[in-house]
Amino acid sequence: PFCEECEKAKKEAENQKEVGAIAKVALLDGADDKEAGSVKQFVNLPSEAKWVDEDNGVKSKDRLGYKPRFKVKFTIPGAHKFNAKLVPGEDNVIYTDEEKGRNAKFKLREDEKSYTTDADGTKIIDGDFFVPVSGKGEYQLVCEDEENNPPKKSGKIETRRLVYGVIIKMKGMTDPNIGTTVSEYKKHGIDLVLLPSVEIERMKNIGPDDSDTYKKRCKDAFNKSEGKAKVPHAIAIGFTEHLAVKNPEVSLTMVSQEVGKDKPRIEFNVVAVGLRSGDGLKKRSLWRNLVDGESWFVSGSYTPDGKTTTKPITKAMCSLVHDYASKYKVSVDVSNLPAGTGTLELKVNVVDRMRGGLSFGGGNLVCICTKSWWKSKSASSQNSVAIHEIGHKVGMVADGTGKLPDKVATHYLDKGHVGDHCFFDLGELETYSGVSGNKCVMYGSGGSNPPTAFCEHCAPVVKKVDISDGWTV
């Protein structure tokens, strides 16, 4: 017999079945039929096959770039309408309007878009949504159908940056441990993957006049390393012994001095004006045991009062008397000079300054020294310098120009240290030369116990920086 209620229920069931609902929102991972849950998205690398690196988390081209692909699937085939929106996590760094105006890659596609599935009840969303090129951002695609069913979400996208590093060391040097450097950058969404190290001929010290030779040797070594295939997303991390700067042929003069048999030795304080603008007169360390074949002693002479003829002062007549720290006085034996009074002059090479590290402009090379003031530097100190110099490569300390994030609140330029640095937590000063107590790895001077972390002002900016252009060699 005909049942009106049964037929009505049957039709309602069929109508409900025909409408359908969103069954799944998935991230694609290598093919249109390969789906993933939560993923890491390496936003600084182009979506090209050469950058797929399964050992380091890049399983497919879909994990590269800042435009992830999604697949939305309904419960039944047919053309179904739905809306989609990319929703950021609550702890993401926030870009200002000014930052987004300077750099389009700081923007998130956050407006809602409407779609209709294909006949099979699925829709692939490719290239419509993009995320900022920051580190440690989280995003999910949230989709809603037209039947007011609960929204469906994709797995989480965590944005990261992948950079390769090649350590370039001097021959005979053991591989330095830069685990702290790797860990600090990882905290801010930059994965620094170390490739096998390479060697160059030993250079005991790298001063300004040695930089070109050093850079060429490093470039040649890098181009023979595994890093060559990773250009432009690879950094060359050089290690040397000293990075001392010589102040040559400084004159030391003593007038009206008694010389001759039985006269006491005469001591010279080693003082000189620094080579950099603003460097004053102060005691300096003698240039000793830094470069093979280079001595602290240049020449010496004695001129008797009232005469123009001079007598030589040789290095053999000189000895060093410890003053303090790494500084010495020069003691001169005057017993073999003709008796009388006169002027003694020495010309000596002194250390103008010792640098902890360098970030060479126009390329991918940084350099860290393993010694300073003739003493080996601790692993912690070397890591502090490595973090600092690589920081310069990634755009720290940002000053709000070009494609950079806004100026860091504690930013200073020069003021006793060359370049962009952070003064946290010292306050604004006229100069930071000789000032210690810094609490940020991006301060302009390392000190005796340098920090190995970015401060509260720099840390969010390290997450924000756009390093998608990479570096030349």
Side-chain angles (χ1 to χ4, degrees), residues 202-214 240-356 369-376 433-434:
R202 182 171 178 262
M203 298 175 70
K204 195 172 180 181
N205 178 69
I206 299 169
D209 294 339
D210 309 302
S211 293
D212 288 344
T213 299
Y214 177 70
T240 186
E241 291 179 47
H242 280 90
L243 286 168
V245 178
K246 180 168 64 175
N247 191 344
E249 300 192 14
V250 169
S251 290
L252 307 177
T253 304
M254 299 284 283
V255 299
S256 302
Q257 299 297 306
E258 288 188 294
V259 302
K261 187 177 180 181
D262 298 328
K263 295 301 180 184
R265 300 177 72 95
I266 294 174
E267 289 187 351
F268 285 76
N269 287 314
V270 181
V271 295
V273 175
L275 294 174
R276 296 181 296 183
S277 175
D279 282 356
L281 184 71
K282 68 177 185 181
K283 288 189 175 183
R284 307 278 173 175
S285 294
L286 291 165
W287 188 264
R288 56 186 182 82
N289 301 325
L290 289 169
V291 179
D292 293 339
E294 291 188 11
S295 171
W296 61 268
F297 182 84
V298 179
S299 64
S301 64
Y302 168 69
T303 307
D305 289 342
K307 296 183 179 180
T308 57
T309 57
T310 63
K311 296 288 185 181
I313 295 175
T314 65
K315 186 178 181 182
M317 296 166 63
C318 302
S319 60
L320 302 183
V321 179
H322 187 253
D323 192 359
Y324 66 95
S326 61
K327 296 177 175 61
Y328 290 83
K329 296 179 180 181
V330 180
S331 174
V332 178
D333 180 357
V334 296
S335 62
N336 289 323
L337 292 174
T341 61
T343 299
L344 290 86
E345 182 180 15
L346 295 180
K347 286 191 176 180
V348 298
N349 296 320
V350 303
V351 177
D352 186 75
R353 60 191 182 276
M354 292 272 187
R355 301 167 296 179
C369 69
T370 61
K371 291 183 177 180
S372 185
W373 304 109
W374 298 274
K375 293 182 179 179
S376 296
S433 178

### Summary
ring pair (Phe, Tyr, Trp, His ring centres under 6.0 Å) pairs touching residues 279-307, sequence neighbours excluded, are none
### Query
Any chance NZ of K315 has more than 12 other-residue heavy atoms, nucleotides or ligands included, within less than 6.0 Å?
yes
### Query
Considering only heavy atoms from C-beta outward, does the side chain of V351 approach that of L290 to under 4.5 Å?
yes
### Query
If you look at every heavy atom in M354 and S372, which pair is closest and at what distance?
CB-OG, 3.8 Å
### Task
Find the distance between CD1 (I206) and SG (C369) and round it off to the nearest 0.5 Å.
9.5 Å
### Message
Show the nearest heavy-atom pair for residues K204 and R202, with the distance to one decimal.
### Response
CG-NH2, 3.8 Å
### Donor-acceptor contact present, side-chain N247 to main-chain V273, <3.5 Å
yes
### Task
Determine yes or no for a side-chain-to-main-chain donor-acceptor pair under 3.5 angstrom, with R353 supplying the side chain and L275 the backbone.
no
### Query
Are side-chain heavy atoms of Y214 and L243 found at a separation under 4.5 Å?
no
### Task
Using salt bridge (charged side-chain N to carboxylate O under 4.0 Å, His left out) as the criterion, list what pairs up with D209, not counting sequence neighbours.
none
Distance-only donor-acceptor pairs under 3.5 Å for side chains of residues 337-347, two or more places apart:
residue: T341; atom: OG1; partner: D305; partner atom: OD2; Å: 2.7
residue: E345; atom: OE2; partner: S251; partner atom: OG; Å: 3.2

Donor-acceptor pairs under 3.5 angstrom involving side-chain atoms of residues 318-332: please list them, not counting sequence neighbours.
residue: S319; atom: OG; partner: R265; partner atom: NH2; Å: 2.9
residue: H322; atom: NE2; partner: A325; partner atom: O; Å: 2.8
residue: D323; atom: OD2; partner: K283; partner atom: NZ; Å: 2.8
residue: S326; atom: OG; partner: S285; partner atom: OG; Å: 2.9
residue: S331; atom: OG; partner: R265; partner atom: NE; Å: 2.7

### Task
Quick one: closest heavy-atom pair of L252 and V271, and the distance?
CD2-O, 3.5 Å
### Message
Treating N205 as the side-chain partner and A244 as the backbone partner, does any N or O pair qualify as donor plus acceptor under 3.5 Å?
### Response
yes
### Query
For A272 and V350, which heavy atoms make the closest approach, and how far apart are they?
CB-CG2, 4.3 Å
### Query
If we only count heavy atoms from C-beta on, is the R284 to D352 side-chain gap below 4.5 Å?
yes
### Task
Using side-chain contact (heavy atoms from CB on, under 4.5 Å) as the criterion, list what pairs up with M254, not counting sequence neighbours.
Q257, I266, F268
### Task
Return each pair, listed once, that meets salt bridge (Lys or Arg N to Asp or Glu O under 4.0 Å) where at least one residue sits in residues 249-263; pairs must be two or more places apart or across chains.
E258-K263
### Interatomic distance, M317 atom CE to S335 atom OG [nearest 0.5 angstrom]
7.5 Å
### Query
If every non-hydrogen atom of S301 is compared with every non-hydrogen atom of T310, which pair is closest and at what distance?
CB-CB, 4.3 Å
### Task
For N349 and E294, run side chain to side chain contact (heavy atoms under 4.5 Å, CB included): C-alpha distance rounded to whole Å, both residues' side-chain angles, the deciding distance at 0.1 Å, then the answer.
CA-CA 9 Å; N349 296 320; E294 291 188 11; 5.9 Å; no
### Message
Assess whether a salt bridge exists between K371 and E241, defined as any Lys/Arg side-chain N lying under 4.0 Å from an Asp/Glu carboxylate O.
### Response
yes
